[in-house]
There are 2 protein chains.
Amino acid sequence: MARKYIDNPNACTLVHTMNIIGNKWKPIIIYLLSNGPLRFGMLNTLMPTISKKVLTNQLKELESDGLLLRKSFAEIPPRVEYSLTERASGLLPVLKQLSDWANDTYPEIDFEECRIIDSNKKQKNSVD
Amino acid sequence: MARKYIDNPNACTLVHTMNIIGNKWKPIIIYLLSNGPLRFGMLNTLMPTISKKVLTNQLKELESDGLLLRKSFAEIPPRVEYSLTERASGLLPVLKQLSDWANDTYPEIDFEECRIIDSNKKQKNSVD
DNA sequence: GCCATCGGTTACTTTTTGGTTACCACTAAT
DNA sequence: ATTAGTGGTAACCAAAAAGTAACCGATGGC
């Protein structure tokens, strides 16, 4: 009685998956990298509302979970390219399905563009 | 220039999906309900480390996102049953795939049981 | 000499999320 | 009269995540 854990393997793998990709930025990063490697700066441009600190952090975590490869070139100014590993590629179809699911399930929502700024609070200016 | 949003539809639906289910508890709740309705207390028993406050919160959010149905019986003591909606059922196969992905991708990890207690910090006793 | 570039890091603050404890309403059983 | 059982809520607090702004090092160009 009074167990302090969940002993259902399926739930556990879900927990694990969510620990890895279940946050605000990681699925987007993986998605953006699905067409090939991108540099740090380009990722930052494509996700204009993520801060460099957080981007660095997410990239590090994804790398240490084996989903990203970081390739640093010995140039000045520096160049660093991030690409998906095999592990991450296996995730792409599932991410696609998650995306399709939202599209089908919430037809009332327009997904043409999304402001990454917290959507629950009003924002001053979204475009300059 | 200086856009403050992401204009990639696929990324946006992903963001939306993750806003809905991408956290610590919600996929587990959905998973646990996949075999039929459960009462509040039973959910709490199955997830012994979630607090009632947070459980209440997650259930409310899932309900307002149209994934859960809350059925309250006029009895004393009260009885409330939660069940999945159609929307949520459509998510089940995808959750299954996420779970399978982790299983296949991280063969070194044993998913037999997972302590839901924050895994980064040491814990006193996991079983009483 | 001075500025720009790129991919960060550091220190600090704010926001979000999660957790703890106490409490409630209502009834039946003791 | 008290206690147990259920599904919560309220006030308060701690921890984690995210954001901000300033800075760095090496080099090339002016």
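Chain letters run A, B, ... following the sequence lines, proteins first, then strands; residues in each count from 1. Side chains included, hydrogens not; waters and symmetry mates left out as well; all remaining heavy atoms used.
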| request: Give the rounded distance in Å between these two atoms: CZ of Arg79(B) and C1' of dT6(D). | output: 12 Å
| So is Arg87(A) actually on top of Tyr106(B)'s ring, under 6.0 Å and inside 45° of the axis? | yes
| said: Under 4.0 Å, heavy atoms only, any strand: does Tyr82(B) hit a base, just the sugar-phosphate, or nothing? | reply: sugar-phosphate
| Could you give the CZ-to-P distance, from Arg70(A) to dC6(C), as a whole number of Å? | 16 Å
| request: Decide yes or no for Trp25(B) and Leu55(B): does some side-chain heavy atom of the first lie under 4.5 Å from some side-chain heavy atom of the second? | output: no
| request: Remember a base hit wins even if backbone is also touched, and classify Gln58(A) as base, sugar-phosphate or nothing at under 4.0 Å, heavy atoms. | output: sugar-phosphate
| Euclidean distance, Asn57(B) CG relative to Ile50(B) CD1, rounded to 0.5 Å | 9.0 Å
| Rounded to the Å, how far apart are Met42(A) CE and dC6(C) P? | 12 Å
| task | Mind calculating the distance between CG (Asn19(A)) and C1' (dA17(D)) to the nearest angstrom? | result | 14 Å
| field | Integer-rounded Å distance: dA18(D) P and Trp25(A) CH2 | value | 9 Å
| said: Checking Arg70(B) against Glu81(B) for the salt bridge (Lys or Arg N to Asp or Glu O under 4.0 Å) test, could you report, in this order, the C-alpha distance in whole Å, the side-chain angles of both residues, the deciding distance, and whether it holds? | reply: CA-CA 6 Å; Arg70(B) 181 179 181 280; Glu81(B) 273 185 6; over 6 Å; no
| What's the CG-C1' distance between Asn57(A) and dG7(C), to the nearest Å? | 14 Å
| said: Rounding to an integer number of Å, can you tell me how far Met18(B) CE sits from dA17(D) P? | reply: 16 Å
| said: Taking 4.0 Å as the cut-off, does a side-chain nitrogen or oxygen of Arg39(B) come that near to OP1 or OP2 on dG7(D)? | reply: yes
| query | Does Lys60(B) place a side-chain N or O at less than 4.0 Å from the phosphate oxygens OP1/OP2 of dT9(D)? | reply | yes
| task | Check whether Leu69(A) and Leu92(A) end up in the same hydrophobic cluster, where Ile, Leu, Val, Met, Phe, Trp and Tyr are linked by side-chain heavy atoms less than 4.5 Å apart. | result | no
Write down the protein N/O and nucleotide N/O pairs, taken from nucleotides 20-30 of chain D, whose separation is under 3.5 Å; answer none if there are no such pairs.
none

| field | Any side-chain heavy-atom pair of Asn19(B) and Asp65(B) under 4.5 Å | value | no
| field | Atom pair distance, as rounded to whole Å: CG in Leu38(A) and P in dG7(C) | value | 11 Å
| field | Heavy atoms of other groups near Glu75(B) CD, more than 12 under 6.0 Å | value | yes
